[in-house]
Amino acid sequence: MLRFLRNRLNNNLDRGDLKMKVSQLLLPTLREAPAEAEIISHQLLLRAGFIRKSAAGVYTLLPLGLKVIKKIEAIVREEMNREGAQEIIMPIIQPSELWQESGRWNVYGPELFRLEDRHGRVFCLGPTHEEIITDLIRNEVQSYRQLPLLLYQIQNKYRDERRPRFGLIRGREFIMKDLYSFDRDEAGLEVSYQKMFNAYRRIFERCGLYFRPVEADSGAIGGSDTHEFMVLAETGEALLVFCSQNDCGYAANVERAASPVKKRVDFEEPGLLEEVATPGKRTVEEVTLFLNVEPQKLIKTLLYETEAGYVAALVRGDRIINQVKLQKALGVLRCDLADAEVVERLSGARVGFAGPVGLKDLRLVADLEVMEMANAVSGANKDDAHFINVNPGRDFNPDQVADLRQVQAGDPCPICGSDLEEARGIEVGQVFKLGYKYSKALGANYLDEKGASIPICMGSYGIGVTRTMAASVEQNHDQNGIIWPVSIAPYQALVVPINTREDEQFILAEKVYELLLNAGVEAVLDDRQERAGVKFKDADLIGYPLRLIIGKQAVESSNIEVFQRKNGQTITVPLEQIVSFVKDYCRQI
Ligand code: ATP
Ligand code: MG
């Protein structure tokens, strides 16, 4: 058998990639994860030697890390190209003038990395590329004949995140695929949006992820319809609700999710507004226990500081205010809970006793549900006192009524009325219908058949490539390490000679390795002079989908033990079938 192998392989021994053996790889595995790594993907990517930190939120991709990234990028490219998109590369350094034109220079805030050149011209490092590409298109597209157009790039993005954390999940420098669509009108945009939506589904499926597209809030980028693609994981920063009723399919980020408000059914005779003593009772729990009422009888009053001044927001005692909804309702960019001093100054009472009745000089915004309450309890804007029998409309009139509350598990689905469920997710991609926001601001128009000048209808579509890699680890691991889906694994198969000092084992291992390479399998040979236990431990940590074990048995019987990382099973494959087995395995999964 060995002679047979030698004959087949001699012609190919000078292949460059044959040199890539574990002993030569820069693959620094660690026994322990550095303390700062809070979540499993961050810990494992560090421990398995895929990434190294350079500064907060800034990482080097080591050889195996880069291999995974290249695989994800290849999948993204294929699916973008399949939809007729064209790849370009735009500058990372962007002139501030374009951001002034779009109006985002002052809106984007401290997340934007700003810099000056030697002549004092101001630039930023691109966090996203709507401005640059709209500028390109206004110069290059004149006629309806040039539309529709889909352009994308895969490139580093820069965002000075307030809290860079979780390794590649929230970096300050990260790789993103961003695509922009240009259409004649909204009907065209709808087609582009659907194309991308479907491409995103295929991409994340091919990456082996368990995910869910959800309706989302459009945030600072602007526009109307938008969906986020969420990889479901406990450690996800996003909270989403979904309906598991057959055929319903409703799913939304809680920043966006609306839930129908139950109208008041049983009419309650309004009681007399009365101040009651609530000494030291500040929290919803303390007050409602003390007064012996349900939390849904309490009006919670929270004071916020925004760039447009202070506001008081009201929700039912058993609800949480969603800050993104509040921000949107108020039309502000910044919204932080006011600190205790401010609360005392504005309400006249210590924290815990603010209420809508008699609260002066503050914009008052109430959640929809608050307006359905009757004979409620609220703070009396006086230390150690609350009002009872508070009735909206009679005792106070908010300046604004809006949907502020965070939808929770058990709330009714806005489509079918069934109970919603909650999950956490990592946002790996987002698709936006931008509409005319940027084309109008920058004047990107085309001429139609009749010669009329019409603004181009745009969309933008992002995928976090580095974040996708981390999200995959978050979903695919066990106590021993990473379990890469074959489609994005750094290598498909590892060949392990058990005892490298046994010539026969080593020669057979090398031959199997070469056979695999010649058949186009991405294989790597663990040629290190280490104990088999050490090699297996590393292999588990690194997460190669298949491990081919070349020991005594392989040499004597030409049967090779193949360990499958995904299910932990070992099967025996005859040497003649090893290549086809590995190839089939990699195709199937
Ligand atoms: P997030 O809400 O998590 O901050 P975002 O909504 O601001 O993200 P987008 O502008 O939609 O992000 O960017 C497109 C994609 O880029 C996101 O879906 C995400 O996968 C990725 N991404 C965004 N910010 C980061 C980051 N700081 N680090 C790594 N990837 C990121
Ligand atoms: Mg997003």
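Remember, it's a predicted structure, so these values are computed and weren't measured experimentally. Both ligands and their constituent atoms are indexed starting at 1 by order of listing.
Ligand 1 has no N or O atom lying under 3.5 Å from any N or O atom of Glu228, backbone or side chain. Backbone and side-chain nitrogen or oxygen atoms of Gly171 are examined, and one is located within less than 3.5 angstrom of a nitrogen or oxygen of ligand 1. Taking only nitrogen or oxygen atoms, main chain and side chain alike, Gly464 reaches within less than 3.5 Å of ligand 1. At least one N or O atom of Arg467 sits closer than 3.5 Å to an N or O atom of ligand 1.
In terms of heavy-atom proximity, Tyr250 sits nearest to Ala258 at OH-N, 3.7 Å. Scanning all heavy atoms of the two residues, the minimum distance from Leu27 to Ile542 falls at CD2-CD1, 3.6 Å. The two residues Leu168 and Ala470 come nearest to each other via the heavy atoms CB-CB, 4.0 Å.
Expressed to the nearest 10°, the angle at the Mg ion (ligand 2) joining OE1 in Gln430 with OE2 in Glu427 is 110°.
Not a single heavy atom of Thr468 lies less than 4.0 angstrom from ligand 1. Residue Leu168 places a heavy atom under 4.0 Å from ligand 1.
The heavy atom nearest to atom 13 (O) of ligand 1, considering only Arg162, Glu173, Met176, Gln430, is found in Met176. Closest heavy-atom approach to atom 30 (N) of ligand 1 among the candidates Phe229, Phe432, Phe174: Phe174.
For ligand 1, the atoms closer than 4.0 angstrom to any heavy atom of Val428 are 18 (O), 20 (O). Below 4.0 Å from some heavy atom of Glu161 lie the following atoms of ligand 1, by number and element: 24 (N), 26 (C), 27 (N).
Salt-bridge check for Glu36 with Arg165: failed, with every basic side-chain N at 4.0 Å or more from each acidic carboxylate O. Ion pair Glu237/Arg170 flagged as a salt bridge, since at least one NZ, NE, NH1 or NH2 atom sits closer than 4.0 Å to an Asp/Glu carboxylate oxygen.
Heavy atoms of other residues, nucleotides or ligands lying less than 6.0 angstrom from CD of Glu111 number more than 12. Within 6.0 Å of CD on Glu421 lie more than 12 heavy atoms contributed by other residues, nucleotides or ligands.
With a 4.0 Å heavy-atom cut-off, ligand 1 is reached by the side chain of Arg159 but not by its N, CA, C or O.
Looking at Tyr180, its side chain does come within 3.5 Å of a backbone N or O of His129 through a donor-acceptor pair.
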